[in-house]
Engineer: 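This is the structure I have questions about; it appears just below.
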Amino acid sequence: MPPVRVRFAPSPTGFFHIGSARTALFNWLYARHTGGVFVLRIEDTDKERNSEQFYNLIYDALTWLGLGWDEGPRVGGAHGPYLQSERAGIYREYLEKLKATGRTYEKDGAIYFRLLGERSEVFDEHRQKTVTKVQAAPTVIDDLIRGRVERVEDEDFVIVRSDGNPVFHFVNVVDDITMQISHVIRGEDHLSNTSKHVELFKALGAPVPQFAHIPLILKQNGPGKMSKRDQGALVEEYQKRGYLPEALVNFLALLGWNPGDDREKLPIAEIIRLFDLPGVNQSNARFDDKKLAHMNMVYLLELPADRFMALAKDYFARHPAVPALQDEAYFREVMLLAQPKLKGLEELPAYTAYFFTEDYPIDEKVKAKVLAKGDPKARLAELIAALPAMDFSSDAAVEEGIKALAAKNNLGFGDYQAVARLAVSGTNVGPSITGMFRVLGRDRVGKRLERFLAAV
RNA sequence: GUCCCCAUCGUCUAGCCCGGUCAGGACACCACCCUUUCACGGUGAGAACCGGGGUUCGAAUCCCCGUGGGGACGCCA
């Protein structure tokens, strides 16, 4: 068995699509599972569309997702260069090889690949023109996911444009030969191209790699596959929104693959251990952002405090609309209070805003509701009076304090909780009131309670 | 239009290869429980084998045909 060598070959178009991410992931997983090599190759033959930052977009996205490449740009390797724009000499060399077999011819300045078989002129109604059809033998594709697929390639096709630039089908095959790619794992949209590729491999006398065409990701709403313009289609969007890369990777792995049991949250090492190509589904999968959000929450909940802090800081740094943090220790306390309650990092600023300013809004609907029940003003006054004697050193101590006050007045904890929360945070959504009190501190809590009482 | 791929709850899927368990899990939705708000969590409900033919004692599972969905038909990648 030759060593497993897989490749991910994006073109720098300025977007890193969620479908590309999954193709990269499946390649990476297969390489890691088999102990093989994961090659990154950039298909930048269309020079006008490429720019430096577009390349970086690819590197950044892969790095963020944790999909490191063993050979490719930045890391090098024995089969480079890894940018197609730097491989013109190799393409010329292979074009000569192909020409030597007599399987090419020139027409209108372009170079065509010649199929083997009887020829006839046919009017193609779909394209509204006369084309030369070839009665070629079917090409057999042994696909690791789809099984045996037969397809008849019935028209010669261009391999070098009239401007001298080789086209995708040709460079793709030449690169896979020279980079000794053993398994081509790519989207099912390439299945129809594969017969062209197989014929080229054969004509060049090269071994045909194993193919594995993975199902496509369909857009959430409406028909068709997910495209760059669809909501949630870009990896960088999740990065910006503070999604955890390991959550996105886990979610993506489950789109078209499963561990064979009911587990869904799987450590990447476990996914690597279990992943295999025959286990990949054959049918397309619809993208579900709700499920991704849920996966993200599960990961967020289990995140160690230090890692969460780092992510929170990073998120705040990238969203300067929220108050700057002066006191690191205080910031940390606030963040840790919020962590177990969040669905995603992007909720963080709104969820914690009132910890960082005295100018927080009061939710009028909540206010109306809270003030309508019992005698909240009296509760507030009692709480304010009890504050100086209360112990703020821990959540439990605060809880004791409020409970003692409630007991004294023959009331329950809840009689104080609702109105105190409203006064201190302006809303009825948030961390435990005891944690809020502790972190805000006696002075701030006292001022907020008094100010609120005075205003109602 | 031609060719290729696919088909289990609304969605992701297990089961299919090696026919025979109330067709299992998760997300979403609903109800209840927990509760110090909001979440988390727990329990429960509703929810699927695309249709038709075969093969068979027996079909989600094997075969064929329809239908539906997706993709490809560029001197784009």
Side-chain angles (χ1 to χ4, degrees), chain A residues 9-13 43-46 49 84 107-112 122 124-128 131 133 138 141 143 145-147 149-155 157-169 171-172 187-196 213 215-218 220 223-225 251 254-265 278 281-295 297-298 301 338 340-343 347 351 366 370 395 399 402-403 406 412-422 425 427-436:
Chain A
S11 78
T13 55
E43 308 224 325
D44 57 348
T45 51
D46 192 352
R49 293 213 320 230
Q84 286 186 336
K107 193 176 114 189
D108 303 330
I111 300 173
Y112 282 73
V122 171
D124 186 317
E125 304 219 5
H126 187 241
R127 284 180 289 175
Q128 288 293 303
V131 295
K133 291 279 183 190
I141 302 154
D143 194 282
I145 294 170
R146 280 152 216 290
V149 177
E150 259 187 42
R151 195 169 177 281
V152 179
E153 200 60 50
D154 64 355
E155 253 178 78
F157 54 91
V158 173
I159 53 173
V160 180
R161 285 188 275 268
S162 49
D163 66 3
N165 286 315
V167 305
F168 161 74
H169 300 302
V171 298
N172 198 267
E188 202 227 62
D189 49 345
H190 283 291
L191 189 52
S192 308
N193 291 329
T194 306
S195 43
K196 287 188 180 70
H213 286 94
L216 302 180
I217 298 177
L218 268 28
Q220 186 144 237
K225 64 173 174 172
F251 170 78
L254 258 25
L255 234 42
W257 176 85
N258 68 80
D261 55 40
D262 286 343
R263 288 177 298 166
E264 297 210 322
K265 181 177 185 286
N281 287 140
Q282 305 174 50
S283 48
N284 295 341
R286 199 169 290 276
F287 188 80
D288 182 0
D289 62 354
K290 291 250 181 56
K291 188 143 189 172
L292 170 56
H294 178 261
M295 183 67 81
M297 182 199 70
V298 171
L301 237 35
K341 301 285 199 161
L342 295 173
K343 254 194 148 62
E347 291 179 350
Y351 197 80
V366 175
V370 170
D395 287 17
E399 186 172 343
I402 299 176
K403 276 190 173 159
F413 189 102
D415 292 306
Y416 293 91
Q417 189 273 141
V419 68
R421 172 183 299 283
L422 175 64
S425 73
T427 175
N428 65 342
V429 176
S432 74
I433 189 75
T434 56
M436 270 169 67

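No hydrogens, no waters, no symmetry mates; every other heavy atom, side chains included, goes into these values. Proteins come first, then strands; the chains are lettered A, B, ... in the order of their sequence lines, and each starts at number 1. Bear in mind that the values here come from a model prediction, so they are computed numbers and not experimental data.
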Engineer: Under 3.5 Å, which N/O atoms of the protein pair with N/O atoms of nucleotides 2-8 of chain B?
Structural biologist:
| from | atom 1 | to | atom 2 | distance (Å) |
| --- | --- | --- | --- | --- |
| B:rC5 | O2' | A:R146 | NH1 | 2.4 |
| B:rC5 | O2' | A:E188 | OE2 | 2.8 |
| B:rC6 | OP1 | A:Q282 | OE1 | 2.7 |

Engineer: Quick one: label A:P223 by what it contacts on the DNA or RNA (base, sugar-phosphate, nothing), any heavy atom closer than 4.0 Å.
Structural biologist: sugar-phosphate

Engineer: Could you tell me which nucleotide pairs with B:rA72 by Watson-Crick or G-U wobble geometry, both distances under 3.5 Å, or answer none if nothing does?
Structural biologist: B:rU2

Engineer: Any luck finding a side-chain donor-acceptor pair between A:S11 and A:T13 under 3.5 Å?
Structural biologist: no

Engineer: Could you let me know what B:rU61 is paired to, Watson-Crick or G-U wobble, both distances under 3.5 Å, or none if it's on its own?
Structural biologist: none

Engineer: Protein within reach of the bases, or only the backbone? For nucleotides 21-35 of chain B, mark each nucleotide 5' to 3' as B, S or -, using heavy atoms under 4.0 Å.
Structural biologist: ---BBBSS-------

Engineer: Test A:K225 against A:E188 for salt bridge (charged side-chain N to carboxylate O under 4.0 Å, His left out), laying out the working first.
Structural biologist: CA-CA 11 Å; A:K225 64 173 174 172; A:E188 202 227 62; over 6 Å; no

Engineer: Paired with B:rC29 by Watson-Crick or G-U wobble geometry, both distances under 3.5 Å: which nucleotide is it?
Structural biologist: none

Engineer: Indicate whether OP1 or OP2 belonging to B:rC73 is found under 4.0 Å from a side-chain N or O atom of A:N193.
Structural biologist: no

Engineer: How would you label the contact of A:H169 with the nucleic acid (heavy atoms, under 4.0 Å): base, sugar-phosphate, or nothing?
Structural biologist: base

Engineer: Watson-Crick or G-U wobble partner for B:rA7, using a 3.5 Å limit on both distances?
Structural biologist: B:rU67

Engineer: On RNA chain B, check which nucleotide each of A:V298 and A:G256 is closest to and give me the residue with the more 5' one.
Structural biologist: A:G256

Engineer: Taking only the P atom of each, what is the distance from B:rG1 to B:rG66 in whole angstrom?
Structural biologist: 14 Å

Engineer: Tell me which nucleotide, if any, is Watson-Crick or G-U wobble paired with B:rC40 when both distances must be under 3.5 Å.
Structural biologist: none

Engineer: Indicate whether OP1 or OP2 belonging to B:rA14 is found under 4.0 Å from a side-chain N or O atom of A:N258.
Structural biologist: yes

Engineer: List for me each residue that meets side-chain contact (heavy atoms from CB on, under 4.5 Å) alongside A:D289, sequence neighbours excluded, and say none if there are none.
Structural biologist: A:Q220, A:F287

Engineer: Does a distance-only test, which skips hydrogens and angles, find a donor-acceptor pair under 3.5 Å between the side chain of A:R421 and the base of B:rU37?
Structural biologist: yes

